[in-house]
Amino acid sequence: SSIDAERQTVTLENNASESVDLSGCMLFSKRTDALLRFPDGTTLAAGATLTVGAGGDFAFPNEEKPLSKKKANTVTFYDSYGARHSQYEL
C-alpha cells in the first residue's frame with residue numbers, strides 16, 4: 001500500500017493469497033477529515049491493487065485534494081469494526 005500526495009491517491013495492495021472483503025472498511029485523512037467508507041460487496045482479490053483518488057476505483061466524497069503536500073498528514077485504514085489496521089504518514 002502507498003500514498004502519492006502529488007497525484008492525490010492512496011493505493012491499497014492485497015499481498016495475501018486470498019481475496020479480502022473491504023465492505024465497511026474506511027480510509028480517513030486526518031488533515032482534511034476526509035472519510036471514505038467502502039460500500040458493501042467491495043473486495044480486493046489476492047495480489048490486486050485498488051486506488052482511491054481522482055481517476056481511481058474510489059474517491060473521497062466531496063474532496064478534490066484530501067492529501068496535503070504542504071502539511072503533515074496521516075491517512076489511516078480502519079477495518080469494518082473500526083479497529084485501526086494500518087496508518088501512513090505524509
Side-chain angles (χ1 to χ4, degrees):
S1 298
S2 64
I3 295 176
D4 186 335
E6 196 68 36
R7 291 183 35 221
Q8 293 292 304
T9 60
V10 177
T11 302
L12 301 178
E13 182 176 5
N14 180 4
N15 293 319
S17 59
E18 297 178 5
S19 292
V20 175
D21 184 7
L22 296 178
S23 300
C25 293
M26 297 166 281
L27 273 179
F28 177 71
S29 172
K30 183 176 180 180
R31 187 186 77 74
T32 61
D33 288 333
L35 176 69
L36 169 67
R37 181 187 175 278
F38 291 100
D40 290 345
T42 303
T43 59
L44 186 55
T49 60
L50 180 146
T51 301
V52 175
D57 303 294
F58 294 92
F60 286 98
N62 305 315
E63 285 287 337
E64 288 184 27
K65 295 186 177 183
L67 308 173
S68 175
K69 294 185 287 183
K70 298 177 183 176
K71 297 180 181 178
N73 191 8
T74 302
V75 176
T76 307
F77 179 79
Y78 295 95
D79 67 20
S80 59
Y81 299 103
R84 185 174 69 186
H85 184 269
S86 52
Q87 188 167 303
Y88 310 95
E89 302 285 332
L90 289 177

Roughly how far, to the nearest 0.5 Å, is the CG atom of Asn73 from the CD atom of Glu89? 8.5 Å
OG of Ser29 to CD1 of Ile3: how many Å apart, nearest 0.5 Å? 8.0 Å
For Phe77, the ring pair (Phe, Tyr, Trp, His ring centres under 6.0 Å) test, sequence neighbours excluded, returns His85
Do the side chains of Val52 and Val20 join up, straight or via other hydrophobic residues, at under 4.5 Å, putting them in one cluster? yes
How long is the straight-line distance from CG of Leu22 back to CG of Asp40, given to the nearest 0.5 Å? 11.5 Å
Could you see if Tyr88 belongs to whatever hydrophobic cluster contains Leu44? Use Ile, Leu, Val, Met, Phe, Trp, Tyr and a side-chain cutoff under 4.5 Å. yes
Between Phe28 and Tyr78, is the ring centroid distance below 6.0 Å? no
Of the non-hydrogen atoms in Ser80 and Cys25, which two are nearest, and what is the gap between them? N-SG, 3.7 Å
Could you give the distance from OG1 (Thr42) to CG (Leu50), rounded to the nearest 0.5 Å? 7.5 Å
For the residue pair Thr11 and Asp4, confirm or rule out a side-chain donor-acceptor distance under 3.5 Å. no
Atom CG in Leu35, atom NZ in Lys30: separation rounded to 0.5 Å? 15.0 Å
Same cluster or not: Phe58 versus Phe60, using hydrophobic residues (I, L, V, M, F, W, Y) connected whenever any side-chain heavy atoms lie under 4.5 Å apart? yes
Please name the pair of heavy atoms, one in Ser19 and one in Ala45, separated by the smallest distance, quoted to 0.1 Å. OG-CA, 3.5 Å
If you count every heavy atom of other residues, nucleotides or ligands that lies below 6.0 Å from Glu18 atom CD, does the total exceed 12? no
